[in-house]
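Proteins come first, then strands; the chains are lettered A, B, ... in the order of their sequence lines, and each starts at number 1.
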Amino acid sequence: MEYQSEDLNELMLARRGKMKELSDKGVEPFGEKYEFTHYAKNIIEQFEQLENQKVTIAGRIMSVRGHGKASFANLMDMSGRIQVYFRQDVVGEEAYEIFNLIDIGDIIGLNGRVFKTKRGEVSVEVQAFTLLTKSLRPLPEKWHGLKDVETRYRQRYLDLITNPEVRDIFVTRSKIISATRRYLDKLGFLEVETPILHPIAGGASARPFITHHNALDMDMYLRIAPELYLKRLIVGGFEKVYELGRVFRNEGISYKHNPEFTMIEIYQAYANYENVMRITEEVIAYVAQEVLGTTKIMYQEQGIDLTPPWNRLSMLDAIHEKTGADFRVVTSQDEALSMARKIGLAVEKNTDIGNIINMAFEEFVEPTLIQPTFIMDHPVEISPLAKRKASNPRFTDRFEAFIFGREMANGFSELNDPIDQKERFLKQVAQRAAGDDEAHMMDEDFVTALEYGLPPTGGLGIGIDRLVMLLTNSHSIRDVILFPHMRHKVE
RNA sequence: GACUCACUAGCUCAACUGGCAGAGCAACUGACUCUUAAUCAGUAGGUUCGGGGUUCGACUCCCCGGUGGGUCACCA
């Protein structure tokens, strides 16, 4: 196969040259499977037992310090790095010549004797080695690593090779997800998988991605939430279910928004929002304890205590506390508008009371909620799937959890009255017709399911990416998503 | 979408008020058998994001465009 040589810089040409030299010497530049006995980390941790023992390891060469007839190199595997020591008088002249054709970035397997250098570094004295993969491109600089943010996201593999702290974040992400599952599994929840391709995009207020199924000749949506399917499962008799997976929202990209992100939704029959609020704080505290060993964390220089129970505050009380405006006594839209204007909120004339309250909350309260706080009892207008409060039908048995001014979770007692649900869908449909393309769509089958009977149910959703951001002290959602979306690069 | 900052060798970064585009790492040649950001001597490496303009002269100033970051807006 011929490469367009004009694309190859001198560094790449040098590596291809060495690849050819290796082939000429009978060394296959792209090898076969390799069985190893140890990871770098094990060898360093278990040095006492392993001293002078033989080990076999495999990994990528990250640096080389040559000394003529002997050389030190650092080998990196999944667990970390270890120094390896090549001596001509140990591996033999021929092998040492081959070693001299190895570049930084090449992947090799080797076996040798574990020892400690004069300076005290645990190392492996190589007895034999095999080239497993020749690397044809130079790695980023060994000391500074890869800094360029764009390249880090576009070529995440380079970021992972060069920057150990990035790798750590994704290991932590994996632990967060498995701890979450462990916690729910222990409580007897059933993990389920519901469709990602939806004929109707429901369960959240968001613009969906549209795709097309050829055989059925129908447009479909990538799901914006699994909610309506999970509640169908509760109707079907699965009383405790959760789904952890990707959802897609066709919205802008920012440091806290990626068009596809991971959330977990959890539903428990015969429970209400109080119960799932408790699950929320317990699962997050459990995960922090399991993964970080503590529930007292630091995020962006701010100490945050995740230990339950968290503060609980109704939305109206919170607004009153921060602004002095008491929406609790407001019953008409006119009153709400004038109260909003009094506290300096720019609202449009036709905004309903619920949305005015929500805007006041977002403007004046949300950014102040640094320590974990449950905000409760949202207006019904902004909660089309939540059960009304028995004490006041204009509000719902709903909560949102905020940490560091960001929404981390959302839950409520599920609306199980099919007649009310249908009316609320109709209201959403009207808003949609009026131009709000984030309003919910009518889901007749979901209403039908409710007509068969949804037991009283508590449900909740947690944004996993935001939780990972919090627990890894990451500023941007792109730092906790392996391949964040970027504009297509045109040459 | 608005504002703003950035883009220079494979990587990390310099380049004064507009005056010869430079360093470290990596690469190449040579020396070197306990180094560890190895060391020492030497060599090579550039569409300064792209296009246009101003100027005797542009990495630098102006205009248009691209990509990315930040802030805001949108958004749970």
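- The distance from atom CZ of A:Phe72 to atom P of B:U36 is 9 Å, rounded to the nearest whole Å.
- Rounded to whole Å, the C1' atom of B:U8 lies 7 Å from the corresponding atom of B:C59.
- Under a cutoff of 6.0 Å and an axis angle of 45°, A:Arg232 and A:Tyr229 form a cation-pi pair.
- Distance CD1 (A:Ile477) to C1' (B:G70): 17 Å, rounded to an integer number of Å.
- Residue A:Glu362 is classed as a base contact, given a heavy-atom separation below 4.0 Å to a base.
- Per the geometry, CD belonging to A:Glu150 stands 15 Å off C1' belonging to B:G70, to the nearest Å.
- Residue A:Glu121 is classed as a base contact, given a heavy-atom separation below 4.0 Å to a base.
- The shortest heavy-atom contact between A:Leu482 and A:Arg156 is O-NE, 2.7 Å.
- Note on A:Ala206: only backbone sugar-phosphate atoms sit closer than 4.0 angstrom, heavy atoms only; bases stay farther off.
- Residue-level contact check: A:Arg478 touches the backbone only, with heavy atoms under 4.0 Å from sugar-phosphate atoms and none from bases.
- A donor atom on one side chain and an acceptor atom on the other are found under 3.5 Å apart for A:Asn355 and A:Asp352.
- On the C1' atoms, B:A6 is 15 Å away from B:U60, given to the nearest whole Å.
- Within 4.0 Å of A:Lys116, counting heavy atoms only, lies no atom of the nucleic acid at all.
- Heavy atoms of other residues, nucleotides or ligands lying less than 6.0 angstrom from OH of A:Tyr39 number 12 at most.
- Within the nucleic acid shown, A:Phe361 has no heavy atom closer than 4.0 Å to any nucleic acid atom.
- Put simply, A:Arg65 has no side-chain N or O that comes within less than 4.0 Å of OP1 or OP2 on B:U36.
- A donor-acceptor contact under 3.5 Å links the side chain of A:Arg87 to the base of B:U33.
- Remark: the separation of the C1' atoms in B:A23 and B:G18 is 23 Å, to the nearest Å.
- Ring planes of A:Phe115 and A:Tyr85: tilted class, angle from 30 to 60°.
- If you measure from atom CG of A:Asp159 to atom P of B:U12, you get 11 Å, rounded to the nearest angstrom.
- A:Tyr157 has its ring centre no less than 6.0 Å from the ring centre of A:Phe483.
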Filtered N/O pairs between nucleotides 3-11 of chain B and protein, under 3.5 Å:
| from | atom 1 | to | atom 2 | distance (Å) |
| --- | --- | --- | --- | --- |
| B:C11 | O2' | A:Glu141 | N | 3.0 |
| B:C11 | O2' | A:Gly145 | O | 3.3 |

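- What separates CZ of A:Phe86 from P of B:C34 is a distance of 16 Å, to the nearest Å.
- Using a 4.0 Å heavy-atom criterion, one finds that A:Arg249 contacts the sugar-phosphate atoms exclusively.
- No close placement of the A:Phe412 and A:Tyr273 rings is indicated, their centers lying 6.0 Å or farther apart.
- Residue A:Tyr255 is in sugar-phosphate contact alone, with no base atom involved, counting any heavy-atom pair closer than 4.0 Å across all strands shown.
- Of the residues near RNA chain B, A:Ile382 and A:His67, the one whose nearest nucleotide (by heavy atom distance) lies more toward the 5' end is A:His67.
- Distance CH2 (A:Trp143) to C1' (B:A23): 18 Å, rounded to an integer number of Å.
- Residue contacts shown for A:His378 are absent, as no nucleic acid heavy atom lies under 4.0 Å away.
- Comparing B:C64 with B:G46, their P atoms are spaced 32 Å from each other, to the whole Å.
- Summarising the geometry, the separation between CD1 on A:Ile104 and C1' on B:C28 is reported as 14 Å, rounded to the nearest angstrom.
- Base engagement by A:Asn358 is indicated by at least one non-hydrogen atom pair under 4.0 Å involving a base atom.
- A distance-only check finds no donor-acceptor pair linking the side chain of A:Arg398 to the backbone of A:Asp377 [under 3.5 Å].
- Not less than 6.0 angstrom separates the ring centroid of A:His378 from the ring centroid of A:Phe395.
- The pairing partner recorded for B:U48 is none, the criterion being a Watson-Crick or G-U wobble arrangement whose two distances lie under 3.5 angstrom.
- Using a 4.0 Å heavy-atom cutoff across all strands shown, A:Glu438 reaches sugar-phosphate atoms only and no base atom.
- To the nearest angstrom, P of B:U33 lies 6 Å from NZ of A:Lys69.
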